[in-house]
Amino acid sequence: MKLEQFAMERMQSTYENQVAFNLSESGVQPLRLGDLVDDAASRQSLLEEALRYTQSNGTAALRLLIAAQYPGATPDHVQVTNGGAEANYISTWNLVERDDEIVMMVPAYRQMWGLARASDRRSGARVAR
Ligand SMILES: Cc1ncc(COP(=O)(O)O)c(C=O)c1O
């Protein structure tokens, strides 16, 4: 499957770390790792955490905590991803089927637009604007 160039992401990856003021940023001020913990024992525990390959759908403990935020959800309903782009990709890939019509707001983050158009060529789904 060939993807069209994601123009907004290409612009950001080309320039966002080269400028003094990034007016295209859509995120929030980043946390520091130290902001995730509020006591010395937790800080030490964080520092000792190995940066290992983790369970690909999220650890059982994390999925349990996330599921607890949603009435009726269980850890089996939860898929943890490495950010929004991976979640968008998995969702689009799994949901879009042949002859589906996909409607999305524009302008927006156009990742799913490009994925859907690529799957359009793959499966016959149509993307309306
Ligand atoms: C609206 C929106 N969705 C998704 C993403 C991708 O998210 P992530 O970097 O968490 O994969 C971005 C990144 O800029 C975004 O702005």
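Counting starts at 1 for both ligands and their atoms, following the listed order.
Closest protein heavy atom to atom 6 (C) of ligand 1: Y109 OH, 3.3 Å. Protein heavy atom closest to atom 10 (O) of ligand 1, with residue, atom name and distance, is G84 N, 2.8 Å. Scanning all protein heavy atoms for the shortest distance to atom 11 (O) of ligand 1 gives A85 N, 2.7 Å. Ranking the protein heavy atoms by distance from atom 16 (O) of ligand 1 puts S26 OG, 2.6 Å first.
By the 3.5 Å distance cut-off applied to N or O atoms, G83 is not counted among the residues near ligand 1.
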Full working for side chain to side chain contact (heavy atoms under 4.5 Å, CB included) between M112 and Y89
CA-CA 7 Å; M112 293 173 94; Y89 183 84; over 6 Å; no

E4 vs W113, test: side chain to side chain contact (heavy atoms under 4.5 Å, CB included). Steps then yes/no.
CA-CA 10 Å; E4 297 170 44; W113 184 85; 3.9 Å; yes

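Note: R117 CZ to R110 CZ = 8.5 Å, rounded to the nearest 0.5 Å.
Side-chain contact of T74 with D76: a donor-acceptor pair under 3.5 Å is absent, judged by distance alone. Remark: the N88 side chain and the S91 side chain contain no N/O donor-acceptor pair separated by less than 3.5 Å.
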